[in-house]
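Here's the structure, in structure tokens; my notes come after.
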Amino acid sequence: MRQPERTKAAILAAAELILIKKGVRGMTLEEVAAAASVSKGGLLHHFSGKEELILGILQHQLNQFEQDVERRRQEDPSGPGAYTRAFLRANLEPDEHASKVCIAFLSESRTIPASLAVAQQHCDAWRKRLENDGIDPILAAIVRYAGDGLMFSALWGMPKATNYDAIVERLLQLTQTAEAQCLQAPSTN
């Protein structure tokens, strides 16, 4: 990794930790620069201001998630539905740091309207990948939205259902059944 990339990564890592502790409103550029061991000017060289830094955190987290999904997809020996299963597993097994950043970001994301556009781009790409995963696109969407619900419940500290593991297993099984192998989406007319 080149020095500018290392510096940017250090800034993002420091900003994520401060975001977790203080939230968007409590985070200052001066504090992030000090924690990253760069000058405020050095920080501003990489991020033009607080909003761009927050968007950088969001982009970094979404990229990390996508890398996690791809790693899990490559580990799946089955063809059709592999992306859907990887997406579900990545949502349900995030690392602790990513979960903390997500909670901190979600609680104040409305203060940065541009964050919705960044998130929407990723969501659109995920939807397209799920729709073209070799299984019924409706089934892929059902698995995705069920997984999203389980993930958000966990993020907000809701207790897991007593049959949580069975629920996850059933969602994974749905992506492997003969019925899932329908390559053509039902007509929406």
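- Of all heavy-atom pairs spanning L44 and L29, the tightest one is CD2-CD1, 3.9 Å.
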message: As a quick check of understanding, evaluate side chain to side chain contact (heavy atoms under 4.5 Å, CB included) for F87 and D68, giving each step before the final call.
response: CA-CA 9 Å; F87 190 89; D68 186 26; over 6 Å; no

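- Residues A90 and F65 approach most closely at CB-CE1, 3.6 Å, considering heavy atoms.
- Salt-bridge formation is not detected for the pair R129/E66: no Lys NZ or Arg NE/NH1/NH2 atom is positioned less than 4.0 Å from an Asp or Glu carboxylate oxygen.
- Hydrophobic clustering (ILVMFWY, side-chain heavy atoms < 4.5 Å, transitive): I11 and L17 are in distinct clusters.
- Put simply, the side chain of K50 gets close to the backbone of M27: a donor and an acceptor are under 3.5 Å apart.
- Panel note: side chain R85, backbone P80; a donor-acceptor pair is recorded below 3.5 Å.
- The shortest distance between side-chain heavy atoms of W126 and R144 falls below 4.5 Å.
- Using a 4.5 Å cut-off on side-chain heavy atoms (C-beta onward), W156 and I103 make contact.
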Report task. Under the side chain to side chain contact (heavy atoms under 4.5 Å, CB included) rule, what do V38 and H45 come out as? Steps first, then yes or no, please. Result -> CA-CA 10 Å; V38 299; H45 174 74; over 6 Å; no

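- In this structure, the side chains of L12 and L53 come closer than 4.5 Å at one or more pairs of heavy atoms.
- Using a 4.5 Å heavy-atom threshold, the side chains of L55 and E51 count as touching.
- Put simply, the residue from I57, D95, L58 that forms a side chain to side chain contact (heavy atoms under 4.5 Å, CB included) with V101 is I57.
- In this structure, CD on E16 lies 8.0 Å from CD on Q64, to the nearest 0.5 angstrom.
- Environment of NZ in K100: sparse, with no more than 12 heavy atoms of neighbouring residues, nucleotides or ligands closer than 6.0 Å.
- When side chains are defined from C-beta on, F47 counts as touching K8, because their heavy atoms get closer than 4.5 Å.
- Within the 3.5 Å criterion, the main-chain N or O of G147 finds no donor-acceptor partner in the side chain of N91.
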Practice prompt. Go through the steps to decide whether K40 and E31 satisfy the test salt bridge (charged side-chain N to carboxylate O under 4.0 Å, His left out), and finish with yes or no.
Written response: CA-CA 9 Å; K40 185 175 176 186; E31 186 177 21; over 6 Å; no

R72 and E75: salt bridge (charged side-chain N to carboxylate O under 4.0 Å, His left out), yes or no, with the steps? CA-CA 5 Å; R72 291 168 189 268; E75 293 170 355; over 6 Å; no

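- Note on R73 versus E70: salt bridge recorded, some NZ/NE/NH1/NH2 to OD/OE distance being below 4.0 Å.
- Smallest separation of non-hydrogen atoms from D133 and A82: OD2-N, 3.5 Å.
- Taken together through direct or relayed side-chain contacts under 4.5 Å among Ile, Leu, Val, Met, Phe, Trp and Tyr, F152 and L116 form parts of separate hydrophobic clusters.
- Using modelled atom types, one finds no donor on one side chain facing an acceptor on the other under 3.5 Å when comparing Q67 with N63.
- Counting non-hydrogen atoms of neighbouring residues, nucleotides and ligands closer than 6.0 angstrom, the NE2 atom of H97 exceeds 12 such neighbours.
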Set out, in order, the CA-CA distance, both residues' side-chain angles and the distance that settles side chain to side chain contact (heavy atoms under 4.5 Å, CB included) for L150 and L171, then state yes or no.
CA-CA 11 Å; L150 292 170; L171 290 169; 4.1 Å; yes

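- No side-chain N or O of H46 forms a donor-acceptor pair with one of E52 less than 3.5 Å apart.
- In this structure, the side chains of T175 and Y83 stay at 4.5 Å or more apart for every pair of heavy atoms.
- When every heavy atom of T84 is checked against every heavy atom of A140, the shortest pair comes out as OG1-CB, 3.8 Å.
- When every heavy atom of A10 is checked against every heavy atom of A36, the shortest pair comes out as O-CB, 3.7 Å.
- Heavy-atom minimum distance, C102 versus L155: SG-CD1, 3.6 Å.
- Without hydrogens or angle criteria, Q74 side chain to R71 main chain gives no donor-acceptor distance under 3.5 Å.
- The line from CZ of R170 to CG of D165 is 13.5 Å long, rounded to the nearest 0.5 Å.
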What do the steps show when you test D124 against Q120 for side-chain hydrogen bond (donor to acceptor under 3.5 Å, both in side chains), and what is the final call?
CA-CA 6 Å; D124 287 345; Q120 188 62 48; 2.9 Å; yes

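- Interatomic distance, CD of Q61 versus OG of S99, reported as 9.0 Å (0.5 Å rounding).
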